[in-house]
4 protein chains.
Amino acid sequence: MPRPVVDKKNLILKAAIKVFARRGFSRARTAVIAREARVAEGTIYNYFKSKDDLILTIFEQTWRDMIRALRAVLQPIHDPIQKMTLVLTTVIDLFESDPQLAEVFLVELRQSGKCFSSQPMAVILEFLDLLEEILKEGIVQGVIRKDINTRIARGFLFGAVESILLGWLLRRTHPELFGKEKPYTLEEAKETLTKLFGTGFFVKPPNR
Amino acid sequence: MPRPVVDKKNLILKAAIKVFARRGFSRARTAVIAREARVAEGTIYNYFKSKDDLILTIFEQTWRDMIRALRAVLQPIHDPIQKMTLVLTTVIDLFESDPQLAEVFLVELRQSGKCFSSQPMAVILEFLDLLEEILKEGIVQGVIRKDINTRIARGFLFGAVESILLGWLLRRTHPELFGKEKPYTLEEAKETLTKLFGTGFFVKPPNR
Amino acid sequence: MPRPVVDKKNLILKAAIKVFARRGFSRARTAVIAREARVAEGTIYNYFKSKDDLILTIFEQTWRDMIRALRAVLQPIHDPIQKMTLVLTTVIDLFESDPQLAEVFLVELRQSGKCFSSQPMAVILEFLDLLEEILKEGIVQGVIRKDINTRIARGFLFGAVESILLGWLLRRTHPELFGKEKPYTLEEAKETLTKLFGTGFFVKPPNR
Amino acid sequence: MPRPVVDKKNLILKAAIKVFARRGFSRARTAVIAREARVAEGTIYNYFKSKDDLILTIFEQTWRDMIRALRAVLQPIHDPIQKMTLVLTTVIDLFESDPQLAEVFLVELRQSGKCFSSQPMAVILEFLDLLEEILKEGIVQGVIRKDINTRIARGFLFGAVESILLGWLLRRTHPELFGKEKPYTLEEAKETLTKLFGTGFFVKPPNR
DNA sequence: AATGAATGAGTATTCATTCAT
DNA sequence: TATGAATGAATACTCATTCAT
């Protein structure tokens, strides 16, 4: 009855995040991931189907965990505005706290050629659904304007968050691209997002 | 007077767009691009440094042309709101008119591993600068609220456009991902964008 | 009295024959053999040194059993012609009764890279010796011509049997290779073998 | 207009025969074949689909050449007995003159897992057809007995030749397998073959 | 400029075998 | 004996790029 003393699957996942962030997806070698995880190369394939499966699992698992956690936290809140703010800032905070994970999600994942296949899209859609639910609640409660297509609007919110994170990340990793531009903090970005989200989506702007 | 009877560089570029859209960047073979362009494999390398250079050139050239055209059209217009609307809808219209180009920009480019390197970022930044200029004009003219970081806000606009286009494209290419969702038109998306942009950014929302 | 309830070694051997016949030697997976035998993968290695050892053991054991059985049956017979006929038809009958075994011997064994090594050759040589003994008896008794090299002649007989069986097997497994050829039965083949073995191809043999 | 100064395809084929004979098919490395042929590894794949294709081509081409040459030589001969003798001895002589080729055909080919697929079988069948034609001519002319199934008989002849060659080859490459056995020459083997082919094993053949 | 045969660096994955339990 | 998770050696093949013509 051989007992896994340690959770090898997790070990490999952690190692993969590190290596993907360091070298990029396509330049990351499975041999290096194995060494970093202190397992044999073949062991990776006891837990994952392929290198693609590895990055897709990282993606999916992180989002699923986040969505589950969000739903729990959202439960007792009733104000849709507060809910939306919580969701958006939570996502940003997660990636701020783990820039390697952010790198993998925003940059490296796209190299895998699978990033728009059904597996990862399913979880993204789940997140988009969460956003849309909140928008709809807001409409019902009369705090969100009702003359918008929520399916489209949820995409804007997602796009805005991506844009914030990607801008922040690239300024960290490739500052030379931005010349002497004064950088901004994620705190500022969240504020701006909240303002624009708020006054963009709120009912009763001047004369509507 | 040895004028090239045909513009081979352009021939290659067109062929590349077709093949990238059909097979994806990494699965696209330079040999196939050459065949499609009816040139020898080596000829590609008389005009382009590498396969990466090929997709990056497509990217850059398209954006530069678009930015140049936009600046020309924008010249006589003074209303920043009108300007911004024109910019955003023009971008959307371009990709709507050439879905293969959209595929290459939104999906395939990301596989190249160079998509966040200085060459393509420079032109994106140029576009972002254009957006920011308009925002600043709007602030000066008092029609855009001034309590926002324009550097951050321009990113939202860009992210929103990307999100619209990617959603539209994926619904075309992978409808199965979206189940029975009722699709939306780009026309609807532009309307929603204008509404949210407008009432989000305008001065004099309720009590500010 | 810890008697194994079942003979695992034999279980594994039977499973291996099945899998080798189904997938071919090199495409046969030890994991599949283990599953088929309802033992753990490692258990195979309690009984066999390697995958090669497995197929070689099948080969060797089958021949050894056959040779032992043949010697017993041959004992009371004195006519060399009768003996030879018995030997050849017995071999053919064995494989006819177990086509999977035939597949393994005639086709799969050859993939192992060990099929001409000393272990399996030893048993083949033992069979060839048996054939040669009979030929020599025939010569002594004056019923087999004495102007032939028995070492060479025994090879012919073995080759003829192989050719019969291989032809029969391939017509079963790959009928498409033979087009519309009318197949033949092993019964016919045995008859032809007996005729040609006895008196050759020529009409009116010259004067020996 | 790049001109191949040397026939690379042939160079590769020759190198492959050498390496297959030296190391065996499965232990032969494509890198070594390339080095031996003084071409790049990739060049092999400009001429051959795979490593399997390489050995299959060697097999097929040699047999096709032999069959073509045989048909030419056979043309003016009318005596079926003479024809058959010529065919069998020609095959034996070819392999005697090129033991590496013999090694590849009799031993290494079998490791490829493709040796009974349609491509190589087709050419073997062509050779078997040649043998059968001769047998049938002999029957028509009344020199070959007509009470045999020629389809089966041709297999015996092929099997006999294989057995001669394999015995001869193994005695060269693995003499230890045969203990102190006095070896025989291919000359002796051909004689024995001719005798047994003609008149069989029996002394004083009965009355047919 | 054009050609296309030649190049060769580069690696994910398999699976027979082991060994701690 | 039995287990099965862990191991890691081993390698054919691709394809972007070059360069002699």
Side-chain angles (χ1 to χ4, degrees), chain A residues 1-6 8-9 12 26-35 37-54, chain B residues 2-5 8-9 26-35 38-54, chain C residues 2-5 8-9 26-35 38-54, chain D residues 1-6 8-9 12 26-35 37-54:
Chain A
M1 220 187 305
R3 271 288 179 70
V5 182
V6 285
K8 304 230 169 188
K9 183 166 184 176
I12 293 167
S26 57
R27 297 178 60 225
R29 304 289 155 244
T30 51
V32 175
I33 295 173
R35 197 185 321 136
R38 296 181 182 280
V39 301
E41 293 183 44
T43 303
I44 292 176
Y45 293 87
N46 289 341
Y47 295 97
F48 302 94
K49 280 199 296 290
S50 64
K51 192 179 158 186
D52 267 336
D53 187 31
L54 208 42
Chain B
R3 267 282 206 83
V5 183
K8 300 223 171 184
K9 184 166 184 174
S26 57
R27 296 177 59 222
R29 303 290 160 240
T30 52
V32 175
I33 295 172
R35 198 187 320 138
R38 298 180 183 278
V39 300
E41 295 180 44
T43 304
I44 292 176
Y45 292 85
N46 288 335
Y47 296 96
F48 303 95
K49 280 200 298 291
S50 66
K51 189 180 161 186
D52 268 336
D53 187 31
L54 209 42
Chain C
R3 266 282 205 86
V5 182
K8 301 223 171 184
K9 183 166 184 174
S26 56
R27 297 177 58 224
R29 303 290 160 240
T30 52
V32 175
I33 295 173
R35 197 186 323 136
R38 297 178 183 281
V39 300
E41 296 179 44
T43 304
I44 292 176
Y45 292 85
N46 288 336
Y47 295 97
F48 302 94
K49 279 198 299 290
S50 65
K51 189 179 161 186
D52 268 335
D53 187 32
L54 208 42
Chain D
M1 218 189 304
R3 270 287 179 68
V5 182
V6 286
K8 304 230 168 185
K9 182 166 186 176
I12 293 168
S26 56
R27 297 178 58 225
R29 304 288 156 245
T30 51
V32 174
I33 295 173
R35 197 185 321 136
R38 298 179 180 280
V39 299
E41 292 182 46
T43 304
I44 292 176
Y45 294 87
N46 288 341
Y47 295 97
F48 303 94
K49 281 197 295 291
S50 64
K51 192 179 158 187
D52 267 335
D53 187 32
L54 209 43

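Treat the numbers as computed from the prediction; the structure is a model and nothing was measured. Numbers restart at 1 for each chain; the letters A, B, ... are given by sequence-line order, proteins then strands.
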Checklist outcome for this item: Taken to the nearest whole Å, CD1/Ile12(A) to C1'/dT7(F) is 12 Å
Next on the checklist: Between Leu54(C) and Ile33(C), is there a side-chain heavy-atom distance shorter than 4.5 Å?
Outcome noted: yes
Checklist outcome for this item: Taking pairs as Watson-Crick (N1-N3 plus N6-O4 or O6-N4) or G-U wobble (N1-O2 and O6-N3), each distance under 3.5 Å, the stems of three or more consecutive pairs with DNA chain F are E:2-21 with F:2-21
Checklist entry - Nearest-Å distance, CZ (Arg35(A)) to C1' (dA12(E))? => result 15 Å
Checklist entry - Under the side chain to side chain contact (heavy atoms under 4.5 Å, CB included) criterion, do Thr30(A) and Tyr45(A) qualify, and how do the steps go? => result CA-CA 10 Å; Thr30(A) 51; Tyr45(A) 293 87; 3.7 Å; yes
Checklist entry - Within this structure, what is the CZ-to-P distance between Arg38(A) and dT7(F), rounded to whole angstrom? => result 12 Å
Item to check | Value in whole Å for how far the P atom of dA12(F) lies from CG of Asp53(D) | outcome: 15 Å
Item to check | Approximate separation, where rounding is to 0.5 Å, of Lys51(B) NZ and Ile44(B) CD1 | outcome: 10.0 Å
Checklist entry - Once you round to the nearest 0.5 Å, how far does OG of Ser50(A) lie from CG of Asp53(A)? => result 5.0 Å
Checklist entry - In whole angstroms, how far is the P atom of dG8(E) from the CD1 atom of Ile33(D)? => result 17 Å
Checklist entry - Taking protein heavy atoms under 4.0 Å as touching, what does nucleotides 13-18 of chain E look like 5' to 3' if B marks base contact, S marks sugar-phosphate-only contact and - marks none? => result BBSBBB
Next on the checklist: Ring of Phe48(D), cation from Lys9(D) - is the NZ or CZ under 6.0 Å from the centre and inside 45° of the axis?
Outcome noted: yes
Checklist outcome for this item: In this structure, NZ of Lys8(D) is separated from CG of Asn46(D) (nearest 0.5 Å) by 9.5 Å
Checklist outcome for this item: Per atom distances to the Tyr47(C) side chain, the nearest of dT7(F), dA2(F), dA1(E) is dA2(F)
Next on the checklist: Just the rounded figure in Å: distance from C1' of dA5(F) to CD1 of Ile44(A).
Outcome noted: 15 Å
Item to check | For atom CZ of Phe48(C) and atom C1' of dT1(F), their distance in whole Å | outcome: 15 Å
Checklist entry - What distance do Glu41(C) atom CD and Arg29(C) atom CZ have between them, rounded to the nearest 0.5 Å? => result 12.0 Å
